[in-house]
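Notes to accompany the following structure.
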Amino acid sequence: MSQLTVNGIRVDDTFAEAFGMRATALTITAHNAAWARQAAVTMTGFATSVIGCGCEAGIDCVLNPDETPDGRPGVRVLLFAVSTSELQKQLQNRVGQCVLTSPGSACYAGLEAEERLKLGNALRFFGDGWQVSKRFGDKRYWRVPVMDGEFVCDATTGLSRTAVGGGNIIVMGTTAQTTLAATELAVEAIGTVPNVIMPFPGGIARSGSKIGSKYKGVTASTNDAYCPTLKGSGNSALDADIASVLEIVIDGLSSDAVAAAMRAGVGAILALGPERGAVRIGAGNYGGKLGSHHYHLKDLLP
Amino acid sequence: MRALVFTLRAVPAQRLDLAPLKPDQLLGLSEGKIAATELQTTRERLCAGDVFKIRMGDATQIRFDGGSERFDHIGAGMSQGEISIDGDVGNQAGRLMRGGRLAVAGNAGPWAASGMTGGTLAISGHVGERLGGPLSGETVGMRGGVVVVRGDAGARAGDRMRRGMIIVEGKAGIHAGSRMIAGTLIVRGRTGRLPGYLMSRGTIVTLDGSDALSPTFADSGVHEFVTNILMASYVQAYSPEIAVMLRRPWRRLLGDMAVIGKGEIFCPPVTN
């Protein structure tokens, strides 16, 4: 594979291939920032990949009290799924089981769009007849009595059909420590970009996958070309000096947001340099035939 | 563009139906046609030109210089633009209003905002009884929009209200929010006897308490409500002082248990 070298780091002349997805956003608030975060973390747990979790979800940003509808500390979370019906199901189950149950929580639409998903309209039945609808202007809320007061929730939230899932950066280094250091730095940089999430643990996936498997019925399997312990097996994409590979997967509410996130991540890795960080950067794709969004690394260099 | 101005020539000899003098009906009309608009409520014909001196202007910005308690139905059915009255108005101001803004600098009579579904009605003075309420034979009162009364409201403000918000910065008469179906009624001053009489759903906020509460309301204690913070944010644009007060803890009373009891009254923590 042809490569560029920037600041001593090899950059593959390749692209990340991403897919159109359905997405929504929520603002979760609570008495304090810790409990708002707790509700968000619980709700976005087990949401690393649509392959096995039904959706991909994560925290977009922390919100100050003056940025939330009820003036309390909050967190904005994003959810992505492959279909509107699956997104609706995941939204309802996750808010119902993880946010409604969290002390002092309230949940609001985090995305304004013409198309809507049911939020409080689906959860209100927990109130068993004691729920109350309240409309202020064009906003409609549901108030559901719970044991610590009331769970307040927007009736609906916005649906985006132009979201993108699967932007990615493959980070390759000579040791596990330097590779992780470079990837952590990239995750931190991407964390400052609005409207994107990195759904894997801490934003990082160590088990990147390829489509399909030798086993019947298995839809995804290990990306053996990037496994350093398989170097020499004949199918490896890794150079002799690569001993560790990590991947950052990025979902965004728009293609521009994903591109901005990848640019921030690549920039952070390149700035760190090869001695303390990665020696090579790549990206995952499927030959360009499956996903409609292509992010070429050479276009994302600082 | 300057406003279309109606200047009162003299106190009218009969009650007037001013419903036709709204942006929806005057847009595109010539001065002659506007002057010929009939306003009488008796057999004696009376046109706009007889009652007012007319200065042509933007028909979406209508101004009345001078008011009268004989000005009935002002802004009735309006859906756009703004009407401002430099004085009092009579019955049913903003009746069935659907949008736009109606501003009354003086007092308003009974049934203001009756059946209103949208827009904003601002009354700087006092308002008569049954603010937002239905007329005889109707089953539902106000169904949307916002009403702000800087003075006092008469009896049964918000009667059979279904949606929207009424803010009374002064006092309210007896039976405020009677037979409420939904919506929000906020009273800054003292509320008369038995607020929420036979209300089924909806919210009444009596910031200064009431003269007497019905025993058919159940006390559910003093709480901090997230909903009230949301309400305060919405009210901020209309009444900043009330918005500040709403953010405090309030006592919640559930009722009216004489009917289905799904309504609520927020009142001061120490009832008086």
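A note on names: the letters A, B, ... follow the listed sequences, proteins ahead of strands, and every chain is numbered from 1.
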Do E56(A) and R94(A) sit within salt-bridge range, that is, some charged N less than 4.0 Å from a carboxylate O?
no

To check you understand the geometry: which heavy-atom pair defines the closest contact between Y108(A) and V226(B), and what is its length?
OH-CG1, 3.3 Å

Side chain, backbone, both or neither: which part of E264(B) has an atom under 4.5 Å from a heavy atom of chain A?
side chain

Electrostatic pair E67(A):R72(A) at N-O distance under 4.0 angstrom
no

Considering only heavy atoms, which portion of R163(B) lies under 4.5 Å from any heavy atom of chain A: side chain, backbone, both, or neither?
side chain

With the threshold set at 4.0 Å, does a side-chain nitrogen-carboxylate oxygen contact exist between R179(B) and D159(B)?
yes

Fit a plane to each ring of Y295(A) and H293(A), take the angle between them on a 0 to 90° scale, and name the class: parallel (under 30°), tilted (30 to 60°) or perpendicular (over 60°).
parallel

Counting heavy-atom pairs under 4.5 angstrom with chain A, the leader among V235(B), L230(B), L254(B) is L230(B)

Go through R247(B), E224(B), H223(B), M231(B) and name the one with the most non-hydrogen pairs under 4.5 angstrom from chain A.
M231(B)

Contact winner vs chain A - N228(B), T203(B), V146(B), heavy-atom pairs under 4.5 Å
T203(B)

Interface moiety of M165(B) toward chain A, non-hydrogen atoms closer than 4.5 Å:
side chain

Per-residue contact mode, S233(B) against chain A (heavy atom under 4.5 angstrom):
side chain

Would you call D154(A)-R140(A) a salt bridge at under 4.0 Å N-O?
no

Tell me, for Y141(A) versus chain B, whether the close heavy atoms (under 4.5 Å) come from the side chain, the backbone, both or neither.
side chain

